[in-house]
S.K.: 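Shown below is the structure under consideration.
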Amino acid sequence: MFLFTDAPGDAPSPLLATLNAEQRSAVTLPAEHALILAGAGSGKTRVLTTRIAWLLHQGLATPGGIMAVTFTNKAAKEMMTRLSGMLPVNVRAMWIGTFHGLCNRFLRTHCKAANLPLTFQILDMQDQLSAIKRLCKQYAIDDERFPPKELQWFIAGCKEDGMRPAAVPVRDALTQKKVEIYQLYEEQCQREGVVDFGELMLRSYELLRDNAPIREHYQRRFRHILIDEFQDTNKLQYAWIKMLAGKGVEGEDHHTGGAVLAVGDDDQSIYAFRGARVGNMADFVREFAVQHQIKLEQNYRSYSNILDAANALIGHNSRRLGKNLRTEQGPGEPVRVYEAPSDFSEAQWMVDEMRQLVRDGVERKEIAVLYRSNAQSRVIETALFNAAIPYRVYGGLRFFERAEIKHALAYLRLLENPNDDTSFMRVVNFPARGIGARSTEQLQDLAKASGCSLHHAVSALSGRAGAAIAGFVAKIDVLREQTIGLNLRTIVSLVISESGLLEHYRTEREGADRVENLEELVNAAESFVMQEGFGRDASGLEAELTQSPASQGLGSLDLVADASTRAYEDNLEAPGETGETPSPLAAFLAHAALEAGDNMAQAGQDAIQLMTVHSAKGLEFDCVFITGMEEGLFPHENAMSDRDGLEEERRLMYVAITRARARLYLSHSQTRMLHGQTRFNLKSRFFDELPEVCLKWLTPKRQPATSAYALGGAGRAWSDDGGYGSGGYGRSGASHGSGYSYGGASSAYNSARVGQGDSASPSQRSADAPVPRKDASSHGLQVRQKVFHGKFGEGTVLTLEGAGDDARAQISFARHGTKWLALSVAKLTPVP
DNA sequence: AACACGTCGGTTTTT
DNA sequence: CCGACGTGTT
């Protein structure tokens, strides 16, 4: 049975036993550059982790020689958990983490070479924005012309592309000014000893690029570099990988670097808006002369109706690397499509449907509602709340982002790094201690004049203001003295009480939750220490790497390295390392910035899961509702005008569909409240891209836009079976009879649902019949319709909203761009 | 220094 | 419509 043994003469490796042929060949690839195209639900994480385990087991790598990079902490954690389940190996000896987490580790190790203070702090996006606002105020920058948000976006974008201010191409005066601000911002950060997320990456990249001994050390060290979600890497991250793999410097010996295994799915690239470049996949194949490309197309998640829908949809995209998911499961149930008269009624229908699912034995946490934009959650939340169904919304404020937590962290950061002006400003007068804006402005001017931090400038500030602020600084200094030698838990505890934060929130009327959160911070500090093992061994990260694998009693999976690799393990110290190790407090602060934590709302409960399609990536559920399937919403109006935007929307839809294991609902609404106005949306074009045989229309399928309202040549493609989609139903009916099973375990669900048709389903009640579309017919326009305007010429209707005299249309004109026109005024002629 | 009022904006998100 | 943010008032 075992076609692939791990080594000649050896017993077959249990690691490979449960893999399919595709997966196995990926896991056992030679130590060369390779690209794995891993479709949704194809066992990608499994392949990655098994690959690492296999390399270690075969003696082809030592823990210290492996680097595995992910985008999210969740993915990194998952990888470590699974790995330690496979092998008795100290996962912390490997460099497994997020891009930013690993860069942080790298920069801490080489802070001197990177020109950073030992105590450098990490700015999250909030911190970055307030740092930029502070800078703008300081230099009297017109925030009308240069909104801080936009500057932040500009700076982050430059860094993602690997550009320092001097490298930014300057087209116009506006850009020129932005670049100057970028430069000032850089100086400010350097002065304060803080780095933003982009800086972690960029600084690491530059250090590798400019410091040959360090670069060569890591190139020799990491024999295997594995990258997850490669389609989401940005330009800088790719360049960083090239540096580590010995492909970054012209003329450098390309055999020095390790083997890069990139795993990704071009069809799931949904982060172009934050700099992700799918093109990195093709570049990788070319620049690394990749010889091994493996496609994982076997899907273990969904029934084939769902998969067929996904495949057909994504087939409408051009320039794909090409991949088709298949499953050995049966067709399963058809994809259900529902049209509601209003967003309110859409939510109501969902609640009814969910009640039925739960009655039939589906766990609530196995039901997910996906939407394109966060604003859509409100109406659904209201419906769920009124129905007393527990739910959890993803994507809210996370633990370390809460104001009270950020305040506490600011005090802690000042203990580490008194020059962190962002933290200084955050808490200098919080809790209030009579230090007003006037005083701090004086201080800031003084600091600017002498080019030093606020902390240093205090001594030069005289008068009442000076005394007050000096008092604050003294308090911090005392606290710093007091906490020396204490354990982290005690430090945090002391700081939240001595700072006055606890007292402040205790006396506040609505402060109970915040007090609770502050107490939770103390617990978080304690469990962080436990997890990181600071208690047992205060040694730093590098010390862990020298741990001998042989010392761990590995039994049959012995990891004893051969002589040559062990010799290498003994010599892991990189050139120019800072001998010092970060304190538990420093590590905790970095942890807080790099991993903002969960949003704590009702975590753990069995609740319906509400989230955007973006945040659903990587997750899976038995039942999925994709809501608001409307033109302008999904695909989103801002992404509809160009092909790339539309294709990304389609990939997003592809991600959404492939989240569902057994049952998938797609719904849209004729009307929707958005920004206080009722909008009339057409159903999404994505419906036209799904195979009819996979679908089951729960509501009578409406006539197509073009046929309803006297717009020549209409009605043809759609009028074939105006009812319930008999084709799809017929096929699915057959599959039900032939032993459809819902994941085996939940048979109650099975019997209740299957074979009875859906005649009892709430979705079929006549009360939910769609309302006639009066308003649409009064002006007779439809989204995507071509129209002619006397002044602007020919255009396409993008959006319709309002009714009667208030009706307006957003129209994209070929020559004059996009305009909003009042339909009661504008003279528009439909163009066939 | 806390509160009230007005303005503005409003895809997607992780680090 | 609704929340965030900034300015102005007591």
S.K.: List the steps, then state whether salt bridge (Lys or Arg N to Asp or Glu O under 4.0 Å) holds for A:Glu630 with A:Lys683.
M.R.: CA-CA 4 Å; A:Glu630 293 143 38; A:Lys683 73 167 185 263; over 6 Å; no
S.K.: Find the distance A:Gln376:CD to C:dC1:P and express it as a whole number of Å.
M.R.: 19 Å
S.K.: Give a yes/no on whether any side-chain N or O of A:Arg378 is located under 4.0 angstrom from OP1 or OP2 of C:dG3.
M.R.: yes
S.K.: For a quick test of reading the model: is some side-chain N or O of A:Arg398 closer than 4.0 Å to OP1 or OP2 of B:dT15?
M.R.: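 A:Arg398 to B:dT15 OP1/OP2: side-chain N or O found under 4.0 Å.
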S.K.: Starting from P on B:dT13, measure out to CZ on A:Phe400 and report it in whole angstrom.
M.R.: 21 Å
S.K.: How far does the C1' atom of B:dT12 sit from the matching atom of C:dC5, given to the nearest Å?
M.R.: 23 Å
S.K.: Hey, do the aromatic rings of A:Phe106 and A:His110 have their centres closer than 6.0 Å?
M.R.: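 Under 6.0 Å, so yes.
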S.K.: Please report, rounded to the nearest Å, how far the P atom of B:dC8 is from the CD atom of A:Glu150.
M.R.: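 It works out to 17 Å between those atoms.
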S.K.: Select from A:Thr98 and A:Ala375 the residue whose nearest nucleotide in DNA chain B is closer to the 5' end of that strand.
M.R.: A:Ala375
S.K.: Output the single nucleotide from B:dT11, B:dT13, B:dT15 whose closest atom is nearest the side chain of A:Tyr271.
M.R.: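 Nearest listed nucleotide: B:dT13.
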S.K.: Flag the pair A:Arg413 and A:Asp420 as a salt bridge only when some basic side-chain nitrogen lies within less than 4.0 angstrom of an acidic carboxylate oxygen.
M.R.: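 A:Asp420 and A:Arg413: salt-bridged.
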S.K.: Does A:His636 stack onto the base of B:dT11, taking stacking as ring centres under 5.5 Å apart and planes under 30° apart?
M.R.: yes
S.K.: Which whole-number value in Å describes the distance from A:Lys149 NZ to B:dG9 P?
M.R.: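 Rounded to whole Å, this separation is 11 Å.
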S.K.: Establish, for the pair A:Arg650 and A:Tyr654, whether the NZ or CZ atom is under 6.0 angstrom from the six-membered ring centre and no further than 45 degrees off its axis.
M.R.: no
S.K.: Base, sugar-phosphate or nothing for A:Met201? Non-hydrogen atoms, less than 4.0 Å.
M.R.: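 No contact at all - A:Met201 keeps every heavy atom at 4.0 Å or more from the nucleic acid.
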S.K.: Nearest whole Å is fine: how far is B:dG9 P from A:Trp153 CH2?
M.R.: 17 Å
S.K.: Is the positively charged end of A:Arg203 above the ring of A:Phe120, judged by distance under 6.0 angstrom from the centroid and angle within 45° of the axis?
M.R.: no
S.K.: Tell me whether A:Phe273 is stacked on the nucleobase of B:dT12, counting only the six-membered base ring and applying the 5.5 Å and 30° thresholds.
M.R.: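 Per 5.5 Å and 30° rule: yes, stacked.
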S.K.: Looking only at side-chain atoms of A:Lys133, point me to the closest of C:dG3, C:dG6, B:dT11.
M.R.: C:dG6
S.K.: How many whole angstroms separate atom CD of A:Glu160 from atom P of B:dT14?
M.R.: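 The distance from CD of A:Glu160 to P of B:dT14 comes to 14 Å, rounded to the nearest Å.
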S.K.: OP1 or OP2 of B:dT14 less than 4.0 angstrom from a side-chain nitrogen or oxygen of A:Asn73, does that happen here?
M.R.: no
S.K.: Which whole-number value in Å describes the distance from A:Gln677 CD to B:dG9 P?
M.R.: 17 Å
S.K.: For DNA chain B, whose closest nucleotide is more 5', that of A:Leu652 or that of A:His100?
M.R.: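 Closer to the 5' end of DNA chain B: A:Leu652.
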S.K.: From B:dT15, B:dT11, B:dT13, pick the nucleotide closest to the side chain of A:Leu594?
M.R.: B:dT15
S.K.: Side chain of A:His675: nearest nucleotide among B:dT11, B:dG10, B:dT14?
M.R.: B:dG10
S.K.: What's the closest nucleotide to the A:Asn374 side chain, out of B:dT13, B:dT14, B:dT11?
M.R.: B:dT13
S.K.: What nucleotide among C:dG6, C:dC2, B:dT13 has an atom nearest to a side-chain atom of A:Thr612?
M.R.: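 Looking only at side-chain atoms, A:Thr612 lies closest to B:dT13.
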S.K.: Of the nucleotides B:dA1, B:dT12, B:dT15, which has the atom closest to the A:Asn429 side chain?
M.R.: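 Minimum distance to the A:Asn429 side chain belongs to B:dA1.
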S.K.: Go through B:dT15, B:dT14, C:dG3 for me and flag the one nearest to the A:Arg274 side chain.
M.R.: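 My answer, after comparing the listed nucleotides, is B:dT14.
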S.K.: Reckon A:Gly198 touches a base, only the sugar-phosphate, or nothing at all at heavy-atom distances under 4.0 Å?
M.R.: nothing
S.K.: Are A:Arg372 and A:Glu649 within salt-bridge range, i.e. N to O under 4.0 Å?
M.R.: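 Salt bridge flag = yes for A:Glu649 with A:Arg372.
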S.K.: Would you kindly give the CG-to-P distance between A:Leu200 and B:dT14, to the nearest whole Å?
M.R.: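 To the nearest whole Å, that distance equals 17 Å.
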